[in-house]
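The next block holds one structure in the form of structure tokens; read it before the comments.
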Number of protein chains: 2
Amino acid sequence: MKGIDQRVEAFEGQLRKAGLRMTQQRRLILRVLAEADDHPDAKGIFTRAFAHDPTLSLSTVYRTMKVLETQGAIERHAFEDGVSRYEHADQAHHDHLIDIESGAVVEFSSPEIEALQAKIAAELGYEIVRHRLELYGRKIKPARRKPGKKDA
Amino acid sequence: MKGIDQRVEAFEGQLRKAGLRMTQQRRLILRVLAEADDHPDAKGIFTRAFAHDPTLSLSTVYRTMKVLETQGAIERHAFEDGVSRYEHADQAHHDHLIDIESGAVVEFSSPEIEALQAKIAAELGYEIVRHRLELYGRKIKPARRKPGKKDA
DNA sequence: AACGCTATTGCAAACCACTTGCATCTGTCA
DNA sequence: TGACAGATGCAAGTGGTTTGCAATAGCGTT
């Protein structure tokens, strides 16, 4: 948990520059996001923030998420169930592996895949603007052995 | 445009086997899907089918899509806008490149990427059940030259 | 420190894609 | 041909997200 306040302050400057305001609500939502280590949806963010400010409304959360996304402060993802989930954007690019049993989201990145994507797109006459890569899988139950190398 | 009738017939047998019925509506929707070379959504399918049978209802389309998906006759995709789009499933596995300017969908497949995905998942202790890979890009305007190699 | 302009908020209603309850209709199979 | 269970149409219901509007509150200015 490092640098949450700095992040909020930095974002405040960013907002100001855009002629927007740093309100209590935005500060709160920003904090909730910074403290989250998962990928909460709007309702999840609302619930956590609501605990600190019972006057907050869900629509403000939605509106704030849009502002944050426009400002590039967060990223929005929609996994299989279709609901938008958010994560703060101050991390390196990565894709997601979703555990279809637990719903857990694991992040990963693969320069090789990115390179291949670019190559494929180029061959089709396109340049990639963005992409979406999600793997849906289930945990491999490791063979009951000495925890060395595992088979397939 | 080959084999639409055969496809419909084959699917009829498949339905029967599952204790389901081949209705006029399903026949019609199946035909619309077989004739489609794009990735229409429910409303699009409805519109096309409705032209042939004005008594058809949108809910029947949705219900039919669910049946078709369950039977493995079609695949459902949800691109960025979140609405479900469908395509018949009698083709090889592929992913999609979406032209962000025209909305056109180009299909492609890359065994190399698939292999990398499996490798990455394995390293994280997962086996992939399914995945979603979408590239969003824009057409590269070719340099006005002899169509040889192009710059960046 | 108070002022005013305008962004922002809360609330409720609206939207949109999709689903569902129910009465009716229609494949299917005997 | 008849009966029964599956399928349909319609309208109402869901669930996530957006929006109109009047009230509130940042923030630069005085």
Side-chain angles (χ1 to χ4, degrees), chain A residues 8-9 11-32 39-47 49-71 73-86 103, chain B residues 8-9 11-32 39-47 49-71 73-74 76-86:
Chain A
V8 175
E9 276 172 42
F11 186 69
E12 179 163 356
Q14 202 178 333
L15 278 181
R16 287 248 169 69
K17 217 178 305 173
L20 304 175
R21 294 168 185 175
M22 174 53 78
T23 63
Q24 291 305 324
Q25 293 85 332
R26 285 177 184 169
R27 218 183 304 273
L28 172 56
I29 291 171
L30 226 31
R31 178 166 300 272
V32 165
H39 299 67
D41 61 10
K43 199 177 290 181
I45 294 166
F46 171 70
T47 303
F50 187 84
H52 296 280
D53 173 6
T55 71
L56 182 68
S57 80
L58 182 56
S59 31
T60 294
V61 173
Y62 277 111
R63 281 192 271 233
T64 299
M65 299 324 284
K66 198 175 293 183
V67 171
L68 293 176
E69 194 188 354
T70 304
Q71 297 297 316
I74 60 169
E75 265 173 38
R76 181 161 52 92
H77 303 288
F79 301 144
E80 276 191 333
D81 61 8
V83 320
S84 292
R85 315 192 89 79
Y86 307 89
Chain B
V8 175
E9 276 171 42
F11 186 70
E12 179 163 354
Q14 202 178 333
L15 278 181
R16 287 248 170 68
K17 218 178 306 174
L20 303 175
R21 295 169 185 172
M22 174 53 78
T23 64
Q24 291 306 322
Q25 293 85 332
R26 285 178 183 167
R27 218 183 303 274
L28 173 56
I29 292 171
L30 226 30
R31 177 166 299 272
V32 166
H39 299 67
D41 62 9
K43 199 177 293 184
I45 294 166
F46 172 69
T47 303
F50 188 83
H52 296 280
D53 174 5
T55 71
L56 182 68
S57 80
L58 182 56
S59 31
T60 293
V61 173
Y62 277 111
R63 282 192 272 233
T64 299
M65 300 323 285
K66 198 175 293 181
V67 171
L68 293 176
E69 194 188 355
T70 304
Q71 298 296 317
I74 60 169
R76 182 161 52 92
H77 304 288
F79 301 145
E80 274 191 334
D81 61 8
V83 320
S84 292
R85 316 192 89 81
Y86 307 88

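All of these numbers come straight from a predicted model, not from anything done at the bench. Convention: sequence-line order gives letters A, B, ...; per-chain numbering from 1.
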Let me know the distance between CG of B:Leu56 and P of D:dT8, rounded to the nearest Å. 9 Å
B:Asp81 CG to D:dT18 P, straight-line distance once rounded to whole Å: 13 Å
Nearest-0.5 Å distance, CE of residue A:Met65 to CD1 of residue A:Ile45: 3.5 Å
Rounded to the nearest 0.5 Å, what separation is found between the CE atom of B:Met22 and the CG atom of B:Leu30? 5.5 Å
Expected output: side-chain B:Thr60 to main-chain B:Leu56 donor-acceptor under 3.5 Å: no
State, yes or no, whether a side-chain contact exists between A:Arg26 and A:Phe11 at a heavy-atom distance under 4.5 Å. no
Output yes when A:Arg27 and A:Glu12 qualify as a salt bridge under the 4.0 Å nitrogen-oxygen rule, no when they do not. yes
Please give, in whole Å, the distance from D:dG16 C1' to A:Tyr62 OH? 5 Å
Using whole Å, report how far CZ of A:Phe46 lies from C1' of D:dG16. 14 Å
Value in whole Å for how far the C1' atom of D:dA7 lies from CG of B:Leu68: 13 Å
How far does OG of A:Ser84 sit from CZ of A:Phe79, to the nearest 0.5 angstrom? 10.5 Å
On the nucleotide D:dG9, are OP1 or OP2 found under 4.0 Å from the side-chain N or O atoms that B:Gln25 carries? yes
Do B:Thr55 and B:Gln25 make a side-chain contact, defined as non-hydrogen atoms from C-beta onward lying under 4.5 Å apart? no
B:Met65 CE to D:dT8 C1', in whole Å, measures 17 Å
In terms of the angle between their ring planes, are A:Phe46 and A:Phe50 parallel, tilted or perpendicular, with boundaries placed at 30° and 60°? tilted
How would you give the extent of chain A contacts on DNA chain C, as first and last nucleotide 5' to 3' within a 4.0 Å heavy-atom cut-off? C:dT6 to C:dA12
Any side-chain N or O of A:Ser84 under 4.0 Å from OP1/OP2 of D:dT17? yes
Distances for protein N/O vs nucleotides 23-25 of chain D N/O pairs under 3.5 angstrom?
none

Can you measure A:Glu69 atom CD to D:dT17 atom P for me and round it to whole angstrom units? 12 Å
Select base, sugar-phosphate, or nothing to describe what B:Leu58 touches, counting heavy atoms under 4.0 Å on all strands. nothing
In whole angstroms, how far is the P atom of D:dG26 from the CG atom of A:Leu20? 15 Å
Do B:Leu15 and B:Val67 come close enough that some side-chain heavy atom pair is under 4.5 Å? yes
B:Lys66 vs B:Glu12, nearer the 5' end of DNA chain C by closest nucleotide: B:Lys66
Need one value for A:Arg63: base, sugar-phosphate or nothing, where a base atom within 4.0 Å counts as base even if backbone is also close, heavy atoms only. base
